[in-house]
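Please read the structure below before turning to the comments.
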Amino acid sequence: MADYYMEDFAHKFTQDEIEELKAAAQQGDAKAQARYGDCCTQGNGVKQDFSEALEWYRKAAEQGDAYSQCVLGCSYHYGTGVKSDYATAADWYRKAAEQDYFAADFFLGILYASGLGVEKDYGEAAKCFKAGADGGDDIAMFVLGEMYRTGTGVEQDYEKAVMQYRHAFMHGNDAAEFCLTMLYNCGGGIRERKFWGIETSLEIALGGFERAAEWFKLRLKDEDPDVLYGMALCCLKGFGVKDNAGKAAKLYRQAADKGDAVAQTQLAVMTMMGQGVKANEKEAARLFKLAAEKGSNDAQCALAILYETGTGIKRSQTEADKWYKLAAENYTKAAKEGDAEAMCSLAHLYEDGKGVEMNISVAKKLYKKSAELGNEEARDNVMKYEESIDI
């Protein structure tokens, strides 16, 4: 039997090929049984029949075929061709996972996180998702990132959370891109965002931007600042909805009026730029000050610049120095927690001697660490210094 029958899942079987495949399956070839099960599932060369597919997967699974064991687990998990039975699903997932079939780890993690067929255990779920993430599953990477961010089932570790988001993003995961965009737009404020629980994060990871936007939209009536901010970001970036800066600004305004410092900061940026709202330097300065007084490091740094340049506010070097110093202190705290964006911002301050004593050596170290964590701006600055040395 031609190997490509087995390896090419897009291959369309002819009548002769499907008969050859079935004959091999009937003779006990586990791979042929699994592939014939796929054909029955897809209606490829035969009539689509989930129940028959299940029987072939079972034959292969009982011979130890990890792929079939995982598929059989999914069948019992989601009730495809058989009545749902979460405990049986867990058993088959474990068998496949024991053979390092990483997709099975991910699905087993779902059961532990949801308490389906097993006792709910976020610690075990985290172990499963880590195994799945190590095997290259982008959804497992994202969910593991959420667990590190929120300290669910693992010790809270912001640096590890960001690394998992970045890995997932590089594998094309929309939900990870959403979270990373949150980081870029609010200076790490995503750490304090409640958003969804781990169970919902699975839905978001699978549904991408559209599911995230839908989740936020359904909860707008509650006027929760976290929800308002999340929906505003979707509108601003076109995540799951048509991009609309004006609508984003209105949502940021609602969150800002409720005292959300990150929303105040983002609205200040948009107001300064005239993005979605009429440009107004004085209003932008007012918003930056509100956010700065609540401890937003990005707002503190922006406010310092405004005081230093007299943009939208009366020029005062004394006030500028005060806010630079506060920003540096807060960036330092965030940097110690593994915040790559804070490291990069703090490096800028060390370069310019703003809020801290000028120290190019420290700036270089911060840029390097930030770049290692995936910050593109820091990477550019590392290259800049390397090029200056070469010259």
Side-chain angles (χ1 to χ4, degrees), residues 57 61 64-80 82-180 190-191 193-209 211-212 215:
Y57 286 135
D65 183 74
Y67 166 74
S68 296
Q69 290 170 342
C70 185
V71 173
L72 202 57
C74 287
S75 298
Y76 280 106
H77 187 165
Y78 297 103
T80 305
V82 68
K83 185 178 179 180
S84 290
D85 185 330
Y86 299 123
T88 300
D91 288 339
W92 283 114
Y93 286 147
R94 285 194 193 93
K95 291 179 187 296
E98 287 169 359
Q99 298 190 66
D100 294 330
Y101 194 81
F102 298 114
D105 287 294
F106 169 70
F107 287 113
L108 186 57
I110 293 177
L111 295 182
Y112 275 115
S114 307
L116 299 173
V118 293
E119 186 175 347
K120 192 169 190 174
D121 188 328
Y122 286 127
E124 284 299 315
K127 290 177 184 177
C128 292
F129 289 134
K130 186 177 188 307
D134 290 344
D137 189 293
D138 65 287
I139 299 175
M141 293 171 189
F142 170 73
V143 177
L144 185 60
E146 287 285 89
M147 298 185 90
Y148 276 123
R149 178 175 73 85
T150 59
T152 305
V154 293
E155 185 176 348
Q156 191 170 38
D157 190 320
Y158 184 60
E159 184 173 344
K160 287 182 179 179
V162 173
M163 288 299 291
Q164 289 299 328
Y165 290 146
R166 291 192 191 284
H167 290 323
F169 171 65
M170 290 172 68
H171 281 74
N173 187 278
D174 286 352
E177 183 178 353
F178 174 85
C179 287
L180 287 172
I190 190 173
R191 282 175 290 183
R193 299 286 173 191
K194 295 187 292 291
F195 289 146
W196 40 71
I198 295 303
E199 293 87 342
T200 304
S201 74
L202 287 163
E203 294 180 38
I204 302 299
L206 291 163
F209 293 140
R211 182 68 184 94
W215 191 91

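In terms of heavy atoms, A205 sits closest to N173 at O-ND2, 3.8 Å. Between G153 and A126, the shortest heavy-atom contact is O-CB, 4.0 Å. For Y165 against R149, the heavy-atom pair with the smallest separation is OH-NE, 3.1 Å. Heavy-atom minimum distance, L144 versus K130: CD2-CA, 3.7 Å.
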Apply side chain to side chain contact (heavy atoms under 4.5 Å, CB included) to residues Y93 and Y101 and explain how you reach the verdict. CA-CA 9 Å; Y93 286 147; Y101 194 81; over 6 Å; no

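For D174, the side chain to side chain donor-acceptor pair (under 3.5 Å) criterion is met by no residue, not counting sequence neighbours. By the salt bridge (Lys or Arg N to Asp or Glu O under 4.0 Å) test, K95 pairs with no residue at all, sequence neighbours left out.
Contact annotation: the side chain of C128 never approaches that of F107 to less than 4.5 Å [non-hydrogen atoms, C-beta and beyond]. In this structure the side chain of H77 reaches within 4.5 angstrom of the side chain of L111, judged on heavy atoms.
Legend: ring-ring contact (aromatic ring centres under 6.0 Å, His included) pairs involving residues 110-135, not counting sequence neighbours, sorted by first then second residue: F106-F129.
The backbone N or O of G64 sits less than 3.5 Å from a side-chain atom of Q99, completing a donor-acceptor pair. Between the Q69 side chain and the A61 main chain, a donor and an acceptor come within less than 3.5 Å of each other.
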